[in-house]
Amino acid sequence: MKRFFKSGLITLFLLLFLFSGVTIHTLIQSQTNGRLINYVGIVRGATQRLVKLELSGNPSDPLIDYLDGILTELQGGTARYGLPVPDDPNYLNDLSKLEVTWKEIKTEIGNYRQGTGDGDRLLALSETYFEQANNTVFSADAYAARQMHFLLAICLVMVGIMSLTWVFIFWANSKNLLKLELQNEKLSDLTRRDTLTGVYRIDYFKEEAQRLLNTVPEKFAIVYTDFSDFKYVNDIFGYHYGDELLSRYGQIILSGLREHEICGRISADNFVLLLRYEDRKEIADRQLAADREVLTFMNSAHHGQLLPTCCGICCVEDVIEPLNIDGFLDRANFARKTVKTGENTNYTYYDESIRRHLWAEKDIESRMSAALENREFTVYYQPKVDLRTGRIGCAEALVRWRSQGGTIIPPDRFIPVFERKFMIDRLDQYVFEDVCRWLKSRLDAGKQVLPVSVNVSRLQFNDLNFVENYVAIRNRYDIPAELIEVEFTESIAFDNSSLLLRTVNQLKAAGFTCSIDDFGKGYSSLSLLKELPVDVLKIDSFFFADGTDRNRDMALVESIVELVKKFDMRTVAEGIESMEQVEYLKKIGCDYVQGYVFYRPMPEDEYGGLLDEEK
């Protein structure tokens, strides 16, 4: 394009210069053509005067010389008057005839002066000469007219070339401007896109999605999708493969988008889409097709390792409240979470039941700060039975929410909300302080006390003052360090293993007992047990649920118990519900059992009564 523009512009300018030269030449020639006509007219009139002078007896040789000079120059002789010699056959023919007649007139004048001439003949020749001079004037005039027409044509051509030149320049500049504008749009678009996946960043996705919802009269659905457990990919295969998977997934989604559809990435493996549909079933079908493509990619990349996606779909027409894009994203995300928790498989649509659940969560959100201030949360205790003695050896502190109306809200409803709103650390400290208060009351009353384990969320581990705050609370109530056990899940280690190790060392230095909760539920690592100086390992109830191969589950539990004993760690089996399980755990050397087979979680008064009975 650049070469074409340059060549075209040079050609147009050369044509312009060429025609400019022709125009100037023609214009100059047109000016001399006027002088030519004028002098031919002089010849015509002066010859008439000359004849009259001769016939009246007043001969004029200077006039004859003057007319000879003009006619000679008209014939191409010595240039004295600046007369041109047009290359026109008609004019030259008429001029030649005029010259012949002029010679005859001069001869007759000579005869007339010598007295041998005939005045009537001279007058007749004068009339012939006048008529021929007229013809010559007309020929010259016709020639000049043709020259003017040619000049006009040249001028029109020049105007055309100039116009074409400007049009060409304008077109070329417009193309450049358009190209520049397209490049700017592409650059602007690139700044709005996620560098890894190619889809839009969430801020621009929201902006563009809201515009489409407001302006395009189509049925739209908001889709919120992620992989079922993407940390597995990063932890097992490494972050490079995780990035490769996300990049491939982004390409698959983008290739399937249609007009007025967009995709964005929130974070990690969380993607959102705005899709059009006629039949809502096609939305799930399209997502399943994308899943099949990415599973095919994973199957070829890592020997059949498959990781399906979880997808929440919110159809705009299903929402009765007036919402913006953030509201629709919340509802699609909420639907996705029902897939993540196992209530649905692979995908689900936001509906009335999810709406009621969402409003229940919103209600919890609006009340939880006040509930903490009003001390609506109650600590329950679930005893852990020492399998060697058959007696209560310790307990775990669990929290329940008794609203001011007296309704008990189970922890599986409010704890996830506290976690999402980053308030779980306040609830953790609330429970910890209440445990310290209760232990203090029993110590002051001289009653029996046993160690109590308290759960600590991952948010606490990100607080650099976490250990210091817990030590301050414990010291304020003057609780012996050995009475408090801090429980945390193994998943924290995969967020920041170095931070976890540092925090556990600080807890141990402060005298706290430490335990890993839900071991085996996530991605258990032997290196985790090797590195962390924990005291207790709680084996997740997952191993004791009815499975397809119970013998293998129990063999695995036995291996875990044998292994951790070598690390001088105690073991607690969670979720035990039968005496058969108890006997097996006792046989393999498990230290404690926690479950409904012995005790359910109970209020502090009831638990205190049990301790008083066992004393």
Side-chain angles (χ1 to χ4, degrees), residues 371-372 374-402 406 408 410-411 426-456 460 467 469-488 507-515 517 534-538 569-576 582 585-586 590-615:
L372 284 170
N374 298 332
R375 303 197 62 80
E376 296 178 17
F377 295 95
T378 302
V379 176
Y380 275 48
Y381 296 84
Q382 185 174 26
K384 304 174 190 177
V385 175
D386 188 335
L387 290 180
R388 291 170 298 179
T389 64
R391 296 165 62 88
I392 298 174
C394 50
E396 179 180 4
L398 304 168
V399 64
R400 301 291 184 268
W401 185 353
R402 185 184 298 274
I408 297 293
R426 292 179 58 187
L427 186 61
D428 286 346
Q429 290 193 27
Y430 179 102
V431 172
F432 178 66
E433 186 161 3
D434 200 73
V435 167
C436 290
R437 176 199 55 77
W438 180 74
L439 289 173
K440 176 64 173 176
S441 66
R442 290 191 64 85
L443 288 170
D444 289 347
K447 297 180 179 181
Q448 180 184 13
V449 291
L450 294 175
V452 177
S453 60
V454 293
N455 290 286
V456 175
Q460 290 278 35
V467 177
N469 292 338
Y470 269 48
V471 169
I473 294 171
R474 185 189 66 188
N475 291 343
R476 186 163 66 247
Y477 288 93
D478 196 21
I479 304 300
E482 65 272 11
L483 290 181
I484 300 295
E485 178 182 315
V486 175
E487 288 189 15
F488 49 88
L507 287 168
K508 294 287 292 179
F512 290 104
T513 301
C514 295
S515 65
D517 194 12
V534 295
D535 305 286
V536 180
L537 182 74
K538 297 186 72 175
M569 296 168 60
R570 299 186 297 277
T571 52
V572 178
E574 298 181 279
I576 306 304
V582 171
L585 290 167
K586 185 176 181 179
C590 183
D591 298 300
Y592 297 94
V593 164
Q594 181 181 350
Y596 287 0
V597 65
F598 290 122
Y599 300 104
R600 291 175 177 268
M602 61 190 71
E604 62 180 39
D605 291 343
E606 186 176 340
Y607 176 57
L610 281 177
L611 295 182
D612 293 340
E613 290 174 6
E614 285 200 350
K615 187 173 181 179

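These values consider heavy atoms only, across backbone and side chains, with no hydrogens, waters or symmetry-generated copies. Please read all numbers here as calculations on a predicted model, not as lab measurements.
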Note, Leu611 side chain near Arg442 side chain (heavy atom, < 4.5 Å): yes
State which residues pass ring pair (Phe, Tyr, Trp, His ring centres under 6.0 Å) with Phe598; sequence neighbours excluded, sorted by chain then number. none
Ring-plane angle category for Trp401 and Phe377, please: parallel below 30°, perpendicular beyond 60°, tilted otherwise. tilted
Measure the spacing between CG of Leu450 and CD1 of Ile392 and express it to the nearest 0.5 Å. 7.0 Å
Would you give the length of the straight line joining atom OG of Ser441 to atom NZ of Lys447, rounded to the nearest 0.5 angstrom? 7.5 Å
All ring pair (Phe, Tyr, Trp, His ring centres under 6.0 Å) counterparts of Tyr607, not counting sequence neighbours: Tyr381, Trp438
Sequence neighbours excluded, which residues qualify as side chain to side chain contact (heavy atoms under 4.5 Å, CB included) partners of Asp535? Lys508, Thr513, Cys514, Arg570
Please list, chain by chain and in numerical order, all residues satisfying ring pair (Phe, Tyr, Trp, His ring centres under 6.0 Å) with Tyr596, sequence neighbours excluded. none
If you round to the nearest 0.5 Å, how far is CZ of Arg391 from CG of Leu610? 11.0 Å
How close do Gln460 and Tyr470 get, heavy atom to heavy atom, and via which atoms? NE2-OH, 3.1 Å
Taken in chain and number order and not counting sequence neighbours, the residues that satisfy side chain to side chain contact (heavy atoms under 4.5 Å, CB included) with Asp434 are Arg375, Val379, Arg437, Glu604
For the backbone of Arg388 and the side chain of Asp386, can you confirm whether one donor and one acceptor N or O come within less than 3.5 Å of each other? yes
In short, Lys384 meets Ser453 closest at the heavy-atom pair NZ-OG, 3.1 Å
With side-chain contact (heavy atoms from CB on, under 4.5 Å) as the test, would you mind laying out the steps for Phe432 and Val456 before giving the verdict? CA-CA 9 Å; Phe432 178 66; Val456 175; over 6 Å; no
Measure across Ile473 and Gln429 and return the closest heavy-atom pair with its distance rounded to 0.1 Å. CD1-OE1, 4.2 Å
How long is the span from the OG1 atom in Thr571 to the CG atom in Leu537, to the nearest 0.5 Å? 7.5 Å
Side chains of Arg400 and Pro410: does their closest heavy-atom pair fall under 4.5 Å? no
Arg600 versus Pro383, closest heavy-atom pair with distance: O-CD, 4.2 Å
Between the CG atom in Asp444 and the CG atom in Leu439, the distance rounded to the nearest 0.5 Å is 11.0 Å
Side-chain donor-acceptor contacts of residues 476-484 below 3.5 Å, not counting sequence neighbours, with atom names and distances?
from, atom 1, to, atom 2, distance (Å)
Arg476, NH2, Glu433, OE2, 3.0
Tyr477, OH, Glu433, OE2, 3.1

Is it the case that over 12 heavy atoms from other parts of the model lie below 6.0 angstrom from the NZ atom of Lys586? no
So which heavy atom on Lys538 is nearest to which on Glu487, and how close? NZ-OE2, 3.1 Å
How about CZ on Arg402, more than 12 heavy atoms from neighbouring residues, nucleotides or ligands closer than 6.0 Å, or not? no
Can you name the nearest heavy-atom pair linking Asn455 to Asp428, along with the distance? O-OD1, 3.6 Å
